[in-house]
Amino acid sequence: MASPRLETFCCPNRDAATQLVLDFQPQVYGSLCFGSGLLSLLLTIVQLLPKTMQGYRRHRRSMFPKPSSSRILFLVIVCDLLGCLGILIRSSVWISSSGFISNMSLMNSSDIWPSTFCVGSAMWIQLFYSASSWWLFCYAIDAYLVVRRSAGISTIVLYHMMTWGLALMLCIEGVAMLYYPSVSNCENGLEHAIPHYVTTYAPLLIVMFVNPILFRRTVAAVASLLKGRQGIYTENERRLGTEIQLRFFKIMLVFMICWTANIINETLLFYLEMQPDISTDQLKNVRNAALITWFIMGILNPMQGFLFTLAFYGWTGWNINFNFRQKEAVLERVSTSTVTEAAHNGTNGSFLDYPGYIQNQNKTEIGNSQRTDDALSILSEGNGSIVERLCRNSPIYQGW
């Protein structure tokens with residue numbers, strides 16, 4: 001799981017609330033995190049691998065540059081995979097070394113390996129899951145800008161700068177405040193822990209509260225965009241707008257499922273920290289709730305990558321195509337030769353098979369239609385049925 005408590009584990013003088021979750025069935029908890037992380041990692045890789053029987057149309061479309069939103073969704077999954085890999089490594093060490101955590105509690109221990117690994121693995125997990133949240137925020141911004149026709153080619157570079165810059169800055173700043181003056185002698189008090197928790201949960205809270213607003217504005221803009229394609233708003237356009245709205249809903253649903261337990265757990269642990277004695281009977285229900293949400297986090301946090309692939313692309317199946325590079329190379333050579341031959345022969349029919357072609361006599365009209373279809377296709381990336389119905393009446397796709 002991914003929690004700011006991971007970094008707190010590394011301090012020998014931990015608070016009582018952190019010690020509560022740390023001492024409760026550590027082997028069982030480590031095994032649970034390892035199993036969930038391994039399952040998510042394998043299923044996510046299966047989801048991303050190319051599949052057979054996907055149809056010629058999908059391969060042909062893949063020869064053209066992908067929009068920035070498609071890249072952002074892929075980067076979200078990559079960050080989740082790397083964060084899940086950190087959970088797997090950390091959990092495997094915790095399971096195999098029963099005295100690993102106890103060695104970190106020794107104030108004057110000469111063995112720096114436990115503390116080094118604890119800090120390094122915790123920062124690795126926090127960095128990539130924080131970057132995943134920032135990429136989701138960038139996706140919401142990009143979807144809105146694309147519909148508003150404001151996104152440019154260089155926008156993805158700005159997203160990289162914002163995502164990795166903020167993730168690195170907040171991670172380093174929070175850890176520096178927590179481990180002052182050193183890992184072996186962390187300062188007690190919430191004034192050192194709160195900045196670390198704020199930097200950890202800031203991207204999560206931004207996605208939870210700002211992304212729905214951006215998605216709602218994007219859906220409203222999609223309605224006018226669909227109406228502007230043909231001057232009417234038919235049942236088909238209304239259905240397409242609903243499906244795009246459903247896509248945004250699935251993204252937010254996965255995020256809420258994976259991270260709501262973290263917010264609840266941290267709230268409960270903060271409440272316990274402020275109590276003079278957390279072992280009283282009056283706090284029994286609070287302690288049980290904190291432990292339950294702690295184990296829920298261990299299951300759901302590593303599963304985010306796989307659940308996002310389901311939200312983005314649906315279930316892609318088990319028919320993995322291990323010869324995809326060779327087939328794509330052959331397809332590219334055939335397609336290139338077809339375009340070249342059509343250019344020399346001056347035939348228009350062949351050009352209609354390629355979305356990038358625009359006939360001279362309809363250049364302005366079809367260009368506007370292409371930009372509209374591109375914007376809508378970006379929002380429905382990964383859902384072929386939506387793309388097909390969106391582009392069915394567009395002149396540039398009549399050859400499909």
Side-chain angles (χ1 to χ4, degrees), residues 64-80 130-167 202-230 233 236-256 258-259 304 307-309 311-313 367-387 389-391 394:
F64 297 92
K66 290 186 176 182
S68 57
S69 292
S70 176
R71 300 178 187 177
I72 291 174
L73 294 180
F74 180 73
L75 287 170
V76 169
I77 298 174
V78 169
C79 290
D80 287 333
S130 176
S132 175
S133 298
W134 286 118
W135 276 121
L136 277 177
F137 178 61
C138 291
Y139 173 74
I141 295 176
D142 190 75
Y144 179 76
L145 293 180
V146 165
V147 174
R148 291 295 183 179
R149 313 287 179 84
S150 302
I153 299 176
S154 61
T155 309
I156 189 67
V157 179
L158 299 178
Y159 294 154
H160 273 286
M161 295 173 60
M162 183 182 79
T163 298
W164 297 113
L166 287 174
L204 270 70
L205 296 176
I206 288 176
V207 173
M208 284 184 175
F209 293 102
V210 179
N211 274 33
I213 298 175
L214 293 174
F215 285 154
R216 192 178 302 113
R217 291 180 177 270
T218 303
V219 170
V222 165
S224 60
L225 188 63
L226 286 170
K227 185 177 180 179
R229 294 174 70 244
Q230 297 185 20
Y233 194 64
N236 284 338
E237 276 72 21
R238 187 177 293 105
R239 188 182 304 113
L240 296 176
T242 302
E243 291 186 7
I244 291 175
Q245 185 176 5
L246 179 62
R247 175 181 176 81
F248 290 154
F249 172 77
K250 289 189 293 185
I251 292 175
M252 290 306 306
L253 179 63
V254 169
F255 191 83
M256 291 294 186
C258 292
W259 296 105
Q304 179 178 249
L307 294 178
F308 268 141
T309 61
F312 297 159
Y313 313 119
N368 293 333
S369 177
Q370 182 185 17
R371 286 193 296 269
T372 301
D373 289 336
D374 286 343
L376 297 174
S377 298
I378 288 171
L379 299 181
S380 57
E381 181 70 23
N383 194 329
S385 61
I386 299 180
V387 176
R389 293 197 300 272
L390 281 171
C391 303
S394 178

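None of the values given here were measured: they were computed from a predicted structure.
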Which pair of heavy atoms, one from [X] and one from [Y], lies closest together, and at what distance?
| X | Y | value |
| --- | --- | --- |
| M162 | C138 | CE-SG, 2.9 Å |
| T218 | A140 | OG1-O, 4.5 Å |
| A311 | R247 | O-NH1, 4.0 Å |
| M208 | M256 | O-CE, 3.6 Å |
| S133 | L204 | OG-CD1, 3.6 Å |

Next item on the list: Give the ring-plane orientation class for F255 versus W259, where under 30° counts as parallel, over 60° as perpendicular and anything between as tilted.
Entry: tilted
Item checked: Parallel, tilted or perpendicular: ring planes of F312 versus Y139, cut at 30 and 60 degrees -> tilted
Is any side-chain heavy atom of [X] less than 4.5 Å from a side-chain heavy atom of [Y]?
| X | Y | value |
| --- | --- | --- |
| F248 | N211 | no |
| V147 | R217 | no |
| Y313 | L73 | yes |
| F137 | T163 | no |
| R71 | Y159 | no |
| L253 | L307 | no |
| P203 | W135 | no |
| R216 | I213 | yes |

Separation of [Y] [atom2] from [X] [atom1] (nearest 0.5 Å):
| X | Y | atom1 | atom2 | value |
| --- | --- | --- | --- | --- |
| C79 | W134 | SG | CH2 | 13.5 Å |
| D142 | L158 | CG | CG | 10.5 Å |
| R239 | I244 | CZ | CD1 | 13.0 Å |

Margin query: Run the side-chain hydrogen bond (donor to acceptor under 3.5 Å, both in side chains) test against T309 and tell me which residues pass, sequence neighbours left out.
Written below: Q47
Margin query: Determine whether Q245 and V222 satisfy the following criterion, side-chain contact (heavy atoms from CB on, under 4.5 Å), listing intermediate values before the conclusion.
Written below: CA-CA 9 Å; Q245 185 176 5; V222 165; over 6 Å; no
